[in-house]
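The structure appears below as structure tokens.
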Amino acid sequence: MPKGSPEWLLDERGDAVTRTIEFFVDGRITRNSIEIEERGGVRRPSLIDTSLAEGFDGVDLEPIASDEFENAWVLGKDTPFWNVR
């Protein structure tokens, strides 16, 4: 990974990424969700524009417990990616 790239946590349903959390080495934690993105008025069925299999091909994904994800979610700052104005 390039220097400064975040670690990701993904929440997925089916073949859609519904929420993401990014942890940066400088201590920042950002989060995004379909709900946050849709505040911009554009429907977003997933936070990635490809299938999970294609988007994360060759990446070692490690499952975590849902409560672990939820605990990290509350630490993040809402940071929309697609509907930035």
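For this chain, numbers begin at 1 and follow the sequence in order.
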Side chain Arg31, main chain Trp73, donor-acceptor under 3.5 Å: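 At least one qualifying donor-acceptor pair exists.
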
Check: Glu37 side chain, Phe81 main-chain N or O, donor-acceptor pair, under 3.5 Å: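 At least one qualifying donor-acceptor pair exists.
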
Any side-chain heavy atom of [X] within less than 4.5 Å of one from [Y]?
| X | Y | answer |
| --- | --- | --- |
| Arg43 | Ile34 | no |
| Leu10 | Phe69 | no |
| Glu62 | Leu9 | no |

All N/O donor-acceptor pairs, side-chain side in residues 12-29, below 3.5 Å, sequence neighbours left out:
{"unit_1": "Arg13", "atom_1": "NH1", "unit_2": "Asp11", "atom_2": "OD1", "d": "3.3"}
{"unit_1": "Arg13", "atom_1": "NH1", "unit_2": "Asp11", "atom_2": "OD2", "d": "3.3"}
{"unit_1": "Arg13", "atom_1": "NH1", "unit_2": "Thr18", "atom_2": "OG1", "d": "3.4"}
{"unit_1": "Asp15", "atom_1": "OD1", "unit_2": "Leu52", "atom_2": "N", "d": "2.9"}
{"unit_1": "Thr18", "atom_1": "OG1", "unit_2": "Asp11", "atom_2": "O", "d": "3.0"}
{"unit_1": "Arg19", "atom_1": "NE", "unit_2": "Asp11", "atom_2": "OD2", "d": "2.9"}
{"unit_1": "Arg19", "atom_1": "NH1", "unit_2": "Glu70", "atom_2": "OE1", "d": "3.4"}
{"unit_1": "Arg19", "atom_1": "NH2", "unit_2": "Asp11", "atom_2": "OD2", "d": "3.0"}
{"unit_1": "Arg19", "atom_1": "NH2", "unit_2": "Glu70", "atom_2": "OE2", "d": "2.4"}
{"unit_1": "Glu22", "atom_1": "OE1", "unit_2": "Thr30", "atom_2": "OG1", "d": "3.0"}
{"unit_1": "Glu22", "atom_1": "OE2", "unit_2": "Trp8", "atom_2": "NE1", "d": "2.9"}
{"unit_1": "Asp26", "atom_1": "OD1", "unit_2": "Arg28", "atom_2": "N", "d": "3.0"}
{"unit_1": "Asp26", "atom_1": "OD1", "unit_2": "Arg28", "atom_2": "NE", "d": "3.2"}
{"unit_1": "Asp26", "atom_1": "OD2", "unit_2": "Arg28", "atom_2": "NE", "d": "2.9"}

Gap between atom OG of Ser33 and atom CZ of Arg39 - 0.5 Å precision: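 These two atoms lie 6.5 Å from each other.
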
Cluster link Ile64 to Val59, ILVMFWY, side chain under 4.5 Å: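 Ile64 does not cluster with Val59.
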
Non-hydrogen atoms of Pro63 and Leu61 that approach each other most closely: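 It is CD-O, 3.9 Å.
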
Closest heavy-atom pair and its distance - Asn71, Val74: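 Of all heavy-atom pairs spanning Asn71 and Val74, the closest is O-CG2, 3.1 Å.
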
Residues forming a side-chain hydrogen bond (donor to acceptor under 3.5 Å, both in side chains) with Asp57, sequence neighbours excluded: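 With neighbours one apart ignored, the set is empty.
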
